[in-house]
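Counting from 1, the numbers follow the sequence of the chain as shown. These numbers come from a predicted model, not from an experiment.
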Amino acid sequence: MIEYAHIHHVSLAVRDLDVAKQFYTGLLAMQEIERPPFRSTGTWYAIGSQQLHLLQHPQGHTLREAGIDTTDGHFAIWVKSHKETIAWLEKQGIEYEARPDSVAGFAQIFVLDPDRNIIEFDAPYHS
């Protein structure tokens with residue numbers, strides 16, 4: 001069984017990062033935090049102990065139509081074990097994309113719900 005700990009972050013796709021930052025940083029006064037060197041364009045914010053991640057989609061899309069695309073909107077849940085989560089997903093017959101050595105600084109697993117929304121499970125490396 002998956003042992004849930006907490007929501008780690010929420011990611012939202014945006015069409016224009018500069019416009020989005022004017023709203024989140026300028027109007028809402030959210031605190032920007034350091035973001036790893038992903039290939040995608042985006043910015044991260046601290047919201048208490050959780051985070052909000054804005055990702056500029058390369059084609060300017062904000063609604064999902066295809067498979068797993070981690071530059072699209074998704075939410076993430078921190079789990080205690082990467083290996084146990086994969087075992088649970090496999091037991092349930094849920095397809096996933098695993099990134100056990102992600103540049104994010106933690107292991108990542110991505111799945112799609114029945115409506116093609118992306119759910120990300122994050123865990124410490126090699127857990």
Asker: At what distance, to the nearest 0.5 angstrom, does OG1 of Thr70 lie from CD of Glu120?
Answerer: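 It comes to 8.0 Å.
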
Asker: Within the 4.5 Å heavy-atom criterion, are Val111 and Ile118 side-chain neighbours or not?
Answerer: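 They are not in contact (no side-chain heavy atoms under 4.5 Å apart), so the answer is no.
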
Asker: What residues, two or more places apart in sequence or in another chain, satisfy salt bridge (Lys or Arg N to Asp or Glu O under 4.0 Å) together with Lys83?
Answerer: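 Listed in chain order: nothing, the list is empty.
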
Asker: Tabulate below the donor-acceptor pairs under 3.5 Å that side-chain atoms of residues 85-96 make, not counting sequence neighbours, or state none.
Answerer:
| from | atom 1 | to | atom 2 | distance (Å) |
| --- | --- | --- | --- | --- |
| Thr85 | OG1 | Ser81 | O | 2.7 |
| Glu90 | OE2 | Tyr96 | OH | 2.5 |

Asker: When Phe106 is tested against each of His82, His8, His126, His9 for ring pair (Phe, Tyr, Trp, His ring centres under 6.0 Å), which residue passes?
Answerer: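 When His82, His8, His126, His9 are each tested with Phe106, the ring pair (Phe, Tyr, Trp, His ring centres under 6.0 Å) holds only for His8.
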
Asker: Hey, what else clusters with Leu55 if you join Ile, Leu, Val, Met, Phe, Trp, Tyr whenever side-chain heavy atoms sit under 4.5 Å?
Answerer: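 Members alongside Leu55: none; it stands by itself.
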
Asker: Taking the side chain as C-beta and beyond, is there a heavy-atom pair between Leu17 and Leu54 under 4.5 Å?
Answerer: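 Leu17 reaches Leu54 side chain to side chain.
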
Asker: Locate the shortest heavy-atom distance separating Met30 from Leu52; write the atom from each residue and the value.
Answerer: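 What the structure gives for the nearest pair is SD-CD2, 4.0 Å.
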
Asker: Considering non-hydrogen atoms only, spot the tightest contact between Ala104 and Pro36 and give its length.
Answerer: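 That closest heavy-atom pairing would be O-CG, 4.0 Å.
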
Asker: Please give the remaining members of the hydrophobic cluster of Val103, linking ILVMFWY side chains under 4.5 Å, ordered by chain and number.
Answerer: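 Members other than Val103 - counting any ILVMFWY side chain reachable under 4.5 Å - are Ile33, Phe38, Trp44.
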
Asker: Can you name the side-chain hydrogen bond (donor to acceptor under 3.5 Å, both in side chains) partners of Gln56, sequence neighbours left out?
Answerer: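 Gln56 satisfies side-chain hydrogen bond (donor to acceptor under 3.5 Å, both in side chains) with no other residue.
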
Asker: Nearest 0.5 angstrom please: Phe75 CZ to Ile119 CD1, how far?
Answerer: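 Output value for this atom pair is 4.0 Å.
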
Asker: Minimum heavy-atom separation for Pro124 and Lys80, please, with both atom names.
Answerer: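 So the minimum-distance heavy-atom pair works out to CD-O, 4.0 Å.
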
Asker: State yes or no: do Met1 and Trp78 share one hydrophobic cluster built from I, L, V, M, F, W and Y residues joined by side-chain heavy-atom distances below 4.5 Å, directly or via other members?
Answerer: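 No, it is not one cluster - the side chains of Met1 and Trp78 are not joined through contacts under 4.5 Å.
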
Asker: Among pairs that include at least one residue of residues 24-45, which meet salt bridge (Lys or Arg N to Asp or Glu O under 4.0 Å), considering only residues two or more places apart or in two chains?
Answerer: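 Output for this query lists Lys21-Glu32.
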
Asker: Considering residues at least two apart in sequence or located in another chain, which fulfil the side-chain hydrogen bond (donor to acceptor under 3.5 Å, both in side chains) criterion with Tyr24?
Answerer: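 Per chain and number, Tyr24 pairs via side-chain hydrogen bond (donor to acceptor under 3.5 Å, both in side chains) with no residue.
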
Asker: Suppose the criterion is salt bridge (Lys or Arg N to Asp or Glu O under 4.0 Å): which pairs have a residue in residues 96-111, not counting sequence neighbours?
Answerer: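 Those involving residues 96-111 are Glu97-Arg99.
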
Asker: Does Tyr4 have any side-chain contact (heavy atoms from CB on, under 4.5 Å) partners at least two apart in sequence or in another chain, and if so, which?
Answerer: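 Per chain and number, Tyr4 pairs via side-chain contact (heavy atoms from CB on, under 4.5 Å) with Ile2, Ile77, Val79, Phe121.
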
Asker: Calculate, to the nearest 0.5 Å, the distance between atoms CG and NE2 belonging to Leu112 and His74 respectively.
Answerer: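 Leu112 atom CG to His74 atom NE2 measures 11.5 Å (nearest 0.5 Å).
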
